[in-house]
Structure formats: structure tokens, C-alpha cells
A.B. asks: 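The following block contains the structure, expressed as C-alpha cells.
Heavy atoms only: backbone and side chains are in, while hydrogens, waters and symmetry mates are out. Letters A, B, ... mirror the listed sequences (proteins, then strands); counts begin at 1.
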Protein chains: 2
Amino acid sequence: MPGEMMIRRLRVNSKLSEDDVSALRSLRVQVKEFPEETVVVREGERATHCGVILSGFAYRAKVAENGKRQILSFHPAGDMPDLQGLFLDRMDHDLVTLSRARIGFIEHRSIHQLIEAQPSIAQALWRETLVDAAVFREWIVSLGTRTAAGRMAHLIAELRQRLTAMGLAADDEFEFPITQSRLAEALGLSAVHVNRVLQSFRAEGVLDIQKNMVKLSDIAKLVEIGGFSDTYLHQQ
Amino acid sequence: MPGEMMIRRLRVNSKLSEDDVSALRSLRVQVKEFPEETVVVREGERATHCGVILSGFAYRAKVAENGKRQILSFHPAGDMPDLQGLFLDRMDHDLVTLSRARIGFIEHRSIHQLIEAQPSIAQALWRETLVDAAVFREWIVSLGTRTAAGRMAHLIAELRQRLTAMGLAADDEFEFPITQSRLAEALGLSAVHVNRVLQSFRAEGVLDIQKNMVKLSDIAKLVEIGGFSDTYLHQQ
DNA sequence: CGATTTGTTGACTAATATCAAACTGTGTGG
DNA sequence: CCACACAGTTTGATATTAGTCAACAAATCG
């Protein structure tokens, strides 16, 4: 039931009627499995499908002219990271798997039909893209105003919040198969500096990342260091 | 005719039919004038209207927990900077005038009616919010990977491109009433450093900012320093 | 015209990057 | 099972970028 993940996810930000749910269930979803660190859709391509992450993690990234890569967002199960493709004809960034991941693909054509027939679903999807943009805004605030430790803490706190909403995080830990150099690409830091920040978090009992798991020792401290407040996520 | 500005703007990214245009013309727009540096909508508020910048400039900004303010985007005439308010109930950032500005306000209710009756307009507005997000993504790349000079150059090159699309820029100059400390807030730099970057641009014949005008001396160099490519703007 | 904001300069400091090397863990083929 | 390769992490030394502070100059405004 690949549609279920999508329904669960849309319910985080929108109310869905019975009709909406059954319409979503009727979507044809083509499931593919990808190994870790595999490009799913590449910048410049014309996308014909929308992807739903069914298991594992993906991220979006863009390569700057100087060769540095910037990670734009992380996507756990439930996320639909390329909804923008419904109305923008070319990808302006890559979609890449972080871990091994199953991704469900839905044809643009069927989504277009669906949202024409069912405006409430159009609204839910539109809202998804708006929340996506709100997360980008907060990411800009992080990069522009926060210290290295603040950015790191904010990222982890945000992930925890989003995973919790999907029932994918325990109280004090969650799965997140990330390397330090990818964290560096996300936070606009060097891998060496990321390493040092993580060491300081370990030493001060904030968190630890070991073997694909983020272990949180002091969530209050994490939230404070990152200046995290969940309002920008617009969860109901 | 306050609707005309909006129509001109939507045509940058979308095709509009005759019906679309006349429907847009029939929207009731309430025009208000604001002095410079005035908060139009504040973070946390529940917006009831969408704004269209009719003249002047506005920007969106967010204050981080540490008191630093991050400017998220600049908005020249034509832009509708708070479209997200149609589906997100509270503002997650401020909308502020940069210069004296006239802003047209349209009730959410009438836009909701319009997009229900005319799906092609819904698509055009949705696409606007998606391009807005694409610009945020590029802003993230700037903050995460580019040097101070690169960020500055990229911002100016982007603005030039967007203003040109609206017919608001001459070949080698455009109006942009910005102070160095606001540039600093946008680029995640200190005002002193912005000053030094601008001096180097002047010295090397790239550009000069004087009296509300950006004067471009060498656009090719500007584009190169900023690593600017316009594809992410998704203009047709 | 004084008052205030904006821009400029120099000296010094802090944050983070870079480079290079060593260390750790994990999986693979012999 | 071992040896090796490889990717990821850790460490130390040094370099660079940008921030801070403080003073002053220039422009703008009422």
C-alpha cells in the first residue's frame, strides 16, 4: 500500500476527507528501489513523475559553479520532494538517495487529473510545497545568522520534529544515516569543522551520531542551541 | 489599474488566456501606500489578504533567536510576496517595505473563489510560489557555498534578471534603494564587510551602488563572480 | 543648520577553512 | 580467517575569511 505513506504524510499538514483518501489510494504508484547515494532525478531533467519516499532517506542538492555541492533539504519517508515538478518543467537541483531507499513514482498526468477532479487534494499538495518553502526560509536563516553549532542543532531539532510527526522517531533517538561530510554540505561547513562541532556536542551531552542513529541526550539543550521553534513547519 | 501589474508579472512565468486576464482584472484590489522600512505583515499574524507590490520595493525577513535579522528575499513591483498566506494560516516571517511603496491588497476569499472557478489561474499562482521556492534554494546555495563577493554578485545579477523580465531595468542600471547594512542582513555578512566588497567591485569596475541606483559596469564579470545562471528562475 | 543615518577606515579578533597525516571500522576477495 | 582496500573519522598546525569595535566622514533630513 504505497499510497498509505503519502496519506499519512499529507495528514501532518492538511485535513483529508474520506473522498480524498480513497482518491489518493486509487493512484497508480510504481515502486523502485535505489541503493544509497544514487541520483534519482538530475538537475536539468524534465520530470514526468512525482516521487514519494516510502522508506529510507533522500536529499536534494545543487552544485555551484565553484564545484561545491550544497544540500538543500533532507527527506524521510512520506516526503514528496519533487512536487514542484508538477508545474516547473525542468529540475533546478538533483534528488539523491541518502540511504538505500524505496521510492514510489506517480505520473504527473494522473496527479493533474486528480487535482482537477478534487480541489481539496490540490490544496493539500499546494500546501506541501508551501511548507517546503517555509523550511527553505528557515534554512536560509540558519546559514545566514547561526554559528556552526547552532546550524547543526537546528537541523537535528527540525528533523526530529518532522520525524516525530510521522511516527518515525523515538523520544530520544531516530534513524538518520548521515556522514559528516554530507552534514558539511548541508550546513555550509567543512567536514573537519562538523567533526569538531559533533565532538563538542558529545562532550557536553547534547547528542551523538553513531551508526545511522542520532541519539539525543538533552533535547532542551539542543533546541536552545539551535534556536528551534516549530512554528515555521506549519503542522496542524 | 492595479491588476495590470499582477498580470504583467504572472505572464513572466505563465501563459494567461483572455479569460484569465479578464478574471484577474475583475479582482477588487485595495491600494495602500507605505513609507519606507514599514512592516506590512508581521510574523505570527494571520493574513487575510495577499499583497501585490505596485511600486517600490519590499522584502521578507525573519528574526533569529539571537536577535540577528535575516532578509529572505527582495520584491520589486509585480511580486506577490505573501501568496503562501492563501494556505498557511500564520506568517512565519515579516513583510517589510524597503522603499516607499504602494501595495495592492486582495482578499483571500476572492482569490479562493477565483482559483476554484478558474484552475488555470490557480496553476499560475501555484507556479509563482514554486518559483519563489526555487529562488530560496538558490539563496541557500549562495549562503552555503559562495564567498562574500560571490553572494553579492549573485544577488545583483538575480535582481537584474528579474527586473529585466518586468521591464524595470535598463541595460546597465536599475533602481534598488538598498543600504549596506540591509545588504549585510540579506547576505549573512557584516555591514563593514559589505562595504569592503562594494569598494572592491567599484575598484575593479564591476558595479557601483549610488543613490538608490545600481550601476553595472561589467555585467559579464558580475555574472561570472556570482556564478549566476538564470535557469532556476524558470522564466518562459 | 544640527541631528541622524549611512558609509568608510584601521586595528584587532574570532570563526572556520585548508592541508596533511593518522586512525578506525567495515566489507571483500583470496 | 586474514589482509587489504576503502570510506569515514579524528587530530594538529596553519591560513583565510569575515566579524567586531571604535572613530570619523559624508550624506540626508527635518
A.B. asks: Do B/Arg146 and A/Glu65 make a side-chain contact, defined as non-hydrogen atoms from C-beta onward lying under 4.5 Å apart?
C.D. replies: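 The answer is yes, as the side chains (C-beta and beyond) meet within the 4.5 Å cut-off.
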A.B. asks: What contact category does A/Ala148 fall into here, base, sugar-phosphate, or nothing, at under 4.0 angstrom with non-hydrogen atoms?
C.D. replies: sugar-phosphate
A.B. asks: Is there a side-chain contact between B/Val192 and B/Arg196 (heavy atoms, below 4.5 Å)?
C.D. replies: yes
A.B. asks: Is the distance between the ring centroids of A/Phe176 and A/Phe57 under 6.0 Å?
C.D. replies: yes
A.B. asks: At less than 4.0 Å, is any side-chain N or O atom of A/Arg202 found next to OP1 or OP2 of D/dT10? Yes or no.
C.D. replies: yes
A.B. asks: Kindly indicate whether the side chain of B/Leu83, heavy atoms from C-beta on, has any atom under 4.5 Å from the side chain of B/Leu86.
C.D. replies: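 Side chain of B/Leu83 against side chain of B/Leu86, heavy atoms only: contact under 4.5 Å found.
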A.B. asks: Under 4.0 Å, counting only non-hydrogen atoms across every strand here, what does A/Leu189 touch: a base, just sugar-phosphate, or nothing?
C.D. replies: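 Sugar-phosphate, no base atom in range.
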A.B. asks: Would you kindly give the NE2-to-P distance between A/His193 and D/dT9, to the nearest whole Å?
C.D. replies: 16 Å
A.B. asks: Give one of base, sugar-phosphate or nothing for A/Thr179, where a contact means two heavy atoms less than 4.0 Å apart.
C.D. replies: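 Sugar-phosphate contact only - A/Thr179 comes under 4.0 Å of backbone atoms but never of a base.
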A.B. asks: Between B/Gln180 and C/dT5, does any side-chain N or O lie under 4.0 Å from OP1 or OP2?
C.D. replies: no
A.B. asks: Taking the basic N atoms (NZ, or NE/NH1/NH2) and the acidic carboxylate oxygens, is any pair closer than 4.0 Å for A/Glu33 and A/Arg100?
C.D. replies: yes
A.B. asks: What's the CG-C1' distance between B/Asp208 and C/dT8, to the nearest Å?
C.D. replies: 14 Å
A.B. asks: Once you round it to whole Å, what is the distance between P of D/dG8 and CD of A/Glu185?
C.D. replies: 11 Å
A.B. asks: By nearest heavy atom, map B/Glu36 and B/Val197 onto DNA chain D; which one lands nearer the 5' end?
C.D. replies: B/Val197
A.B. asks: Within the modelled atom types, does a donor on one side and an acceptor on the other bring the side chain of A/Arg196 and the base of D/dG12 under 3.5 Å apart?
C.D. replies: yes
A.B. asks: In whole angstrom, what separates B/Leu183's CG from D/dA18's P?
C.D. replies: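 From B/Leu183 CG to D/dA18 P: 15 Å.
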A.B. asks: What distance do A/Arg102 atom CZ and A/Phe34 atom CZ have between them, rounded to the nearest 0.5 Å?
C.D. replies: 12.0 Å
A.B. asks: Categorize B/Arg151 for me: base, sugar-phosphate, or nothing, with a 4.0 angstrom heavy-atom threshold over every strand shown.
C.D. replies: nothing
A.B. asks: Consider the side chain of A/Lys211, meaning its heavy atoms from C-beta on, and name the nucleotide among C/dT26, D/dA18, D/dT9 that approaches it most closely.
C.D. replies: C/dT26
A.B. asks: Students often get this wrong, so: under 4.0 angstrom with heavy atoms, is A/Arg146 touching a base, only sugar-phosphate, or nothing?
C.D. replies: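 Counting heavy atoms under 4.0 Å across all strands, no contact is made by A/Arg146.
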A.B. asks: Could you give the CD-to-P distance, from A/Gln210 to D/dT10, as a whole number of Å?
C.D. replies: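 Result: 11 Å.
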A.B. asks: Nearest-Å distance, CG (A/Leu198) to C1' (D/dT10)?
C.D. replies: 12 Å
A.B. asks: Can you identify which nucleotide, out of D/dT10, C/dT16, C/dT8, has its nearest atom closest to the B/Asn195 side chain?
C.D. replies: C/dT8
A.B. asks: Is the base of D/dG8 touched by the side chain of A/Arg182 through a donor-acceptor pair closer than 3.5 angstrom?
C.D. replies: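 Result: no qualifying N/O pair found.
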A.B. asks: Which sits closer to the 5' end of DNA chain C, B/Ile178 or A/Ala149, going by the nucleotide each is nearest to?
C.D. replies: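 So the residue in question is B/Ile178.
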A.B. asks: What is the distance, to the nearest angstrom, from the CD1 atom on A/Ile209 to the P atom on D/dT10?
C.D. replies: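 That distance rounds to 10 Å.
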A.B. asks: Using whole Å, what does the distance between atom P of nucleotide C/dT16 and atom CD of A/Gln199 come to?
C.D. replies: 15 Å
